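Below you'll find the structure, written out as structure tokens, and then a few comments.
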Amino acid sequence: MRNRVYSGALTAEQFLFYEIRIAVGYYMNGDSLQQAAEQIAEGNLFQYPTLREVKRMTKACYRRLDALEDQELVSELRSAPADIARQINLYAMMRDNLLVWEFMVQLIGEKYRMQDFHLDRKDINGFFSRLQAQSDQIAGWSDSTIDKIRGVLLRSLVETEQLDSTRSTSLHPILISEELKTGMMRNGDREALVAFNCFG
């Protein structure tokens, strides 16, 4: 089910593309979170220093996979070419975290809708200011927390080739993958298509 709660967990969890491509195999095999984390740690597949860290990130991957609520998208995340799977991973992040959803739909989607391909710090600060005005939870976050989250959001746009780098101010008008578009429609998430420059 889509999460409608803001979460600051992004500060630690990041985009996790490499990790989710590994975790999805265990997820599809029906392995429990515990089983998956232990096997990932045993094989040093995430290359993290501690089991605790492996468990935390495996849990984040499983949560995102649950949030997709679509077996075909989960399967594509495992086997599709990297560019398609990266878009699906960003969509999983959106469904898992309301903050990512609103950033992608309200800011990035609106930029695409208006054909305004300029994205700068002022735009992102404005987005966070609006959130802080409407959410006591986000209003209570420190500047350093917001800075870290801003960094994760920008890196996510780089991962999906919507930006060239975290310092770039030019948003690329990307093409949504057909697999993702179809999965989003199955989930009833038509409103979120704009985040991937899609209006059909």
Side-chain angles (χ1 to χ4, degrees), residues 1-105 148-149 152-153 155-162 174-193 195-196 198:
M1 195 172 92
R2 184 157 85 77
N3 194 344
R4 287 173 168 79
V5 176
Y6 296 114
S7 168
L10 275 184
T11 55
E13 291 174 2
Q14 311 282 320
F15 192 69
L16 298 181
F17 180 67
Y18 173 75
E19 292 85 347
I20 206 164
R21 287 273 262 200
I22 292 168
V24 69
Y26 297 98
Y27 183 89
M28 289 180 71
N29 288 343
D31 291 338
S32 70
L33 176 57
Q34 181 72 22
Q35 289 170 323
E38 283 172 2
Q39 290 178 73
I40 289 166
E42 198 177 305
N44 193 24
L45 302 180
F46 283 1
Q47 301 187 338
Y48 288 173
T50 66
L51 175 61
R52 189 167 160 269
E53 229 180 323
V54 170
K55 278 185 176 170
R56 184 176 178 189
M57 294 313 167
T58 306
K59 183 178 182 182
C61 291
Y62 265 49
R63 213 180 53 237
R64 289 179 189 177
L65 291 164
D66 282 341
L68 277 175
E69 291 188 296
D70 187 286
Q71 280 311 302
E72 286 183 48
L73 285 180
V74 168
S75 181
E76 291 288 349
L77 197 45
R78 180 185 194 177
S79 58
D83 57 337
I84 294 173
R86 281 191 169 93
Q87 286 189 1
I88 295 169
N89 187 46
L90 179 53
Y91 174 55
M93 289 172 72
M94 289 168 64
R95 285 186 63 90
D96 179 51
N97 189 320
L98 181 60
L99 189 148
V100 184
W101 179 280
E102 292 189 353
F103 175 79
M104 290 304 300
V105 174
K148 283 178 188 167
I149 291 171
V152 175
L153 292 169
R155 279 191 294 279
S156 298
L157 292 174
V158 174
E159 289 273 3
T160 50
E161 299 181 349
Q162 289 167 277
I174 59 158
L175 189 65
I176 191 172
S177 75
E178 203 53 48
E179 294 85 347
L180 176 56
K181 181 179 178 181
T182 306
M184 290 173 79
M185 299 291 269
R186 281 194 302 267
N187 272 340
D189 284 339
R190 180 185 289 272
E191 66 175 299
L193 291 170
F196 298 91
C198 177

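Worth saying up front: this structure is predicted, and the values here are computed from it rather than measured.
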| query | Got Tyr91 and Asn187 here, is their nearest side-chain heavy-atom distance under 4.5 Å? | reply | yes

| task | Step by step, work out the side chain to side chain contact (heavy atoms under 4.5 Å, CB included) result for Val158 and Phe15. | result | CA-CA 10 Å; Val158 174; Phe15 192 69; over 6 Å; no

| query | Would you say Asp189 and Trp101 make side-chain contact, with heavy atoms under 4.5 Å? | reply | yes

| Checking Arg64 side chain against Ala92 main chain: does a donor-acceptor pair fall under 3.5 Å? | no

| How far does CG of Leu68 sit from CZ of Arg186, to the nearest 0.5 angstrom? | 10.5 Å

| query | Once you round to the nearest 0.5 Å, how far does CG of Leu10 lie from OG of Ser156? | reply | 7.0 Å

| field | Shortest non-hydrogen separation from Ala67 to Arg95 and the atoms involved | value | O-NE, 2.5 Å

| Which pair of non-hydrogen atoms, one from Thr11 and one from Ile149, has the smallest distance, and what is that distance? | CG2-CG1, 3.7 Å

| said: Between Tyr26 and Leu65, is the side chain to side chain contact (heavy atoms under 4.5 Å, CB included) condition met? List the steps. | reply: CA-CA 11 Å; Tyr26 297 98; Leu65 291 164; over 6 Å; no

| task | Mind running side chain to side chain contact (heavy atoms under 4.5 Å, CB included) on Leu90 and Glu159 for me, showing each step along the way? | result | CA-CA 9 Å; Leu90 179 53; Glu159 289 273 3; over 6 Å; no

| Side-chain touch Met94/Val105, heavy atoms, less than 4.5 angstrom | yes

| task | Measure the shortest side-chain to side-chain distance between Leu33 and Thr58 over non-hydrogen atoms and say whether it is less than 4.5 angstrom. | result | yes

| With no hydrogens and no angle check, is any side-chain donor or acceptor of Tyr62 less than 3.5 Å from a backbone partner on Tyr27? | yes

| query | Between atom CD of Glu72 and atom CD of Glu179, what is the distance when rounded to the nearest 0.5 Å? | reply | 10.0 Å

| field | Backbone N/O of Leu77 and side chain of Arg21: donor-acceptor pair under 3.5 Å | value | yes

| Are the side chain of Asp31 and the backbone N or O of Ala36 linked by a donor-acceptor pair below 3.5 Å? | no

| Pair Met57-Ile40, side chain to side chain contact (heavy atoms under 4.5 Å, CB included): steps then yes or no | CA-CA 11 Å; Met57 294 313 167; Ile40 289 166; over 6 Å; no

| query | Would you call Val152 and Val100 a side-chain contact if the rule is heavy atoms closer than 4.5 Å? | reply | no

| task | Please answer whether the main-chain N or O of Gly25 pairs with a side-chain N or O of Asn29 as donor and acceptor at a distance below 3.5 Å. | result | yes

| With side chains defined as the heavy atoms from C-beta onward, is the minimum distance between Leu153 and Met104 less than 4.5 Å? | no

| task | Can you measure from CE (Met184) to CG (Leu73) and round to the nearest 0.5 angstrom? | result | 9.0 Å

| request: Compare all side-chain heavy atoms of Asn3 with those of Leu98 and state whether any distance is below 4.5 angstrom. | output: no

| said: Would Arg86 and Phe17 count as a cation-pi pair here, with the cationic atom under 6.0 angstrom from the ring centre and within 45° of the axis? | reply: yes

| Would you find a donor on one side and an acceptor on the other, under 3.5 Å apart, between the side chain of Gln87 and the backbone of Ser177? | yes

| said: Testing the basics here: between Leu99 and Asn97, what is the closest heavy-atom pair and its distance to 0.1 Å? | reply: N-OD1, 2.9 Å

| said: Using a 6.0 Å cut-off, check whether atom CD of Glu161 has over 12 heavy atoms from anything other than its own residue. | reply: no

| task | Would you name the heavy atoms of Phe46 and Tyr18 that are closest together and state the gap between them? | result | CA-CE2, 4.3 Å

| message | Using every non-hydrogen atom in the two residues, find where Ala80 and Ala85 come nearest and quote the distance to one decimal. | response | O-CB, 4.2 Å

| query | Shortest non-hydrogen contact from Leu193 to Ile176? | reply | CD2-CD1, 3.9 Å

| query | Cut-off 3.5 Å, side chains only: do Thr160 and Gln162 have a donor facing an acceptor? | reply | yes

| query | Considering only heavy atoms from C-beta outward, does the side chain of Arg56 approach that of Tyr48 to under 4.5 Å? | reply | no

| Between Glu13 and Arg63, does at least one N-O distance fall below 4.0 Å, as a salt bridge requires? | yes

| said: I'd like to know whether CZ of Arg190 has more than 12 heavy-atom contacts from other residues, nucleotides or ligands below 6.0 angstrom. | reply: no

| remark: dist Cys61:SG -> Asn89:CG (nearest 0.5 Å) comes out at 7.5 Å

